[in-house]
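What follows is a set of notes on a single structure, which appears directly below.
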Amino acid sequence: MAQVVPAERGLRRVIGDGDRVPDGEVDGLDEGDFLELYRQLVLLRTYDERSVIYHRQGRIGTYAMFWGHEAMQVGSSYALERSDWIFPSYREGAIGLLRGMPPQTVLSWWRGHPTGWWNPLDYNLASICVPIATQIPHAAGLAWGKKLRGERTVAIVYFGDGATSEGAFHEGANFAGVMRAPLILFCNNNQWAISTPLSAQTAAPTLADKAIGYGMPGVRVDGGDVLAVYEATRDAVARARAGDGPTFIEAITYRVGPHGTADDPSAYVDQERIEEEKQRECVGRYEGYLRRLGVLDDGTAERFKAEATELMRDGIAAAEAEPPPDPALIFEHAYVDPPPTLREGWLGG
Ligand SMILES: Cc1ncc(C[n+]2csc(CCOP(=O)(O)OP(=O)(O)O)c2C)c(N)n1
Ligand SMILES: [Mg+2]
């Protein structure tokens, strides 16, 4: 069984453990921000847990869960302005919810229904990207284009540890570095690429070390600490807006769930490590921090949970109420004239 060592050197961290590790502070956040961050974490956690259930019930297709990744998505996107652009991978499939996208849109995407594809301009959010790392050159191009137009917009692109071995990562990172594009390259290092452990992914001591080759800073942050992620991303956004170019952020976490609903990780993960990591999961850690601060009470916590659950209930009902799409749509943007094999077979003449 592959051994994965906890990669904890030089990590930025704000949230303590309520015991020996003291809590830190983040400048510029007030009580409203603290609660909004918590609401967003609960929204994503609820979305993710409900989606796994919907999959088991046969109501959505294959699903890539992100349990334990919520702090990376919430903390980083909270550092953006609404006009800034987000380029997600499948692991950040529900990040649009944080910009007001209704859950039925994302649920429809996982149902393979055309209503699951949104106009990126509506949310400044690119489509969910499944081919590994291909969103990185897209994001670098958009960021560079914004710079050429003299706009102050920045872009953030999300990808995993495995994506850093892809050519598209190199091309996008190199391009962003050379053009000093206002881009944040946000790597969710959950230490697995399906069944490939980080140790088999790279010989570099850390993924952040790769940044030096592209002439940009590489920052390592505790990916389970929403406040540390926020702070690191806020700094990177400020650099990008000031014209100082891209930043690579390596957020360290550990994938405690399967890669996706089609994966059985019992063949390759160490179950003890999983149980250990689950104890440190990000929503509970932040909840502990807020309770120590005296900012969160039971009533508010329950209200956020109830609101998120209702949103999901309405979302799946709306997604299921969509009429089935016309199968011919699959070919609409693929062929001017469908080949005879398709016309006569699949399309029924
Ligand atoms: C170009 C390409 N190659 C292979 C795959 C198959 N694939 C899907 S997910 C995955 C692993 C990606 O791991 P990582 O980048 O660490 O992201 P994570 O799933 O852990 O968030 C692979 C190889 C793919 N989707 N695209
Ligand atoms: Mg990974």
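Computed from a prediction, not measured in an experiment: that's the story for all the values here. Just so you know, ligand 1 is whichever comes first in the structure, and atom 1 is the first atom listed for that ligand.
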Within reach of ligand 1, part of Trp192 (heavy-atom separation under 4.0 Å):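 It is the backbone that touches ligand 1; the side chain stays farther off.
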Which residue and atom name correspond to the protein heavy atom nearest [atom], and how close is it?
atom: atom 25 (N) of ligand 1; result: Val130 O, 3.1 Å
atom: atom 5 (C) of ligand 1; result: Ile132 CG1, 3.8 Å
atom: atom 15 (O) of ligand 1; result: Ala163 N, 2.9 Å
atom: atom 3 (N) of ligand 1; result: Glu166 OE2, 4.0 Å
atom: atom 14 (P) of ligand 1; result: Gly162 N, 3.4 Å
atom: atom 17 (O) of ligand 1; result: Tyr90 OH, 3.3 Å
atom: atom 21 (O) of ligand 1; result: Arg91 NE, 3.0 Å

Check for me whether the distance between the ring centres of Tyr268 and Trp192 falls short of 6.0 Å. yes
Suppose we call two aromatic rings close when their centres sit under 6.0 Å apart. Are Tyr38 and Tyr289 close by that rule? no
Heavy-atom contacts with [X] under 4.0 Å: which atoms of ligand 1 show up? List them by number with element.
X: Asn188; result: 21 (O)
X: His259; result: 9 (S), 19 (O)
X: Pro131; result: 26 (N)
X: Asn190; result: 18 (P), 20 (O), 21 (O)

Hey, could you give me the [atom1]/[atom2] distance between [X] and [Y], rounded to the nearest 0.5 Å?
X: Ile128; Y: Ile95; atom1: CD1; atom2: CD1; value: 10.5 Å
X: Leu125; Y: Arg82; atom1: CG; atom2: CZ; value: 9.0 Å
X: Asp30; Y: Asp33; atom1: CG; atom2: CG; value: 4.5 Å

Mind listing the protein N/O/S atoms less than 2.8 Å away from the Mg ion (ligand 2)? Waters don't count. Asp161 OD1, Asn190 OD1, Trp192 O
Only one of Val226, Leu41, Ile86, Leu44 clears side chain to side chain contact (heavy atoms under 4.5 Å, CB included) with Gln73; which? Leu44
Identify whether the distance between the nearest side-chain nitrogen and carboxylate oxygen of [X] and [Y] falls below 4.0 Å.
X: Asp298; Y: Arg291; value: yes
X: Arg280; Y: Glu277; value: yes
X: Glu36; Y: Arg39; value: yes
X: Arg285; Y: Asp222; value: yes
X: Glu322; Y: Arg111; value: no

Polar contacts were defined as any N/O atom of the residue lying under 3.5 Å from an N/O atom of the ligand; does this apply to Arg255 and ligand 1? no
Between Ile194 and ligand 1, does any nitrogen or oxygen pair lie at a separation below 3.5 Å?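 No: no nitrogen or oxygen of Ile194 is under 3.5 Å from one in ligand 1.
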Measure from atom 11 (C) of ligand 1 to the protein's non-hydrogen atoms and state whether any distance is below 4.0 Å. yes
Report yes or no: does Arg239 contribute a side-chain atom to a donor-acceptor pair with the main-chain N or O of Asp244 at less than 3.5 Å?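 Answer holds: yes.
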Sidechain-backbone polar pair: Arg180 side chain, Pro246 backbone, donor-acceptor under 3.5 Å: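 Here the side-chain-to-backbone pair does not exist.
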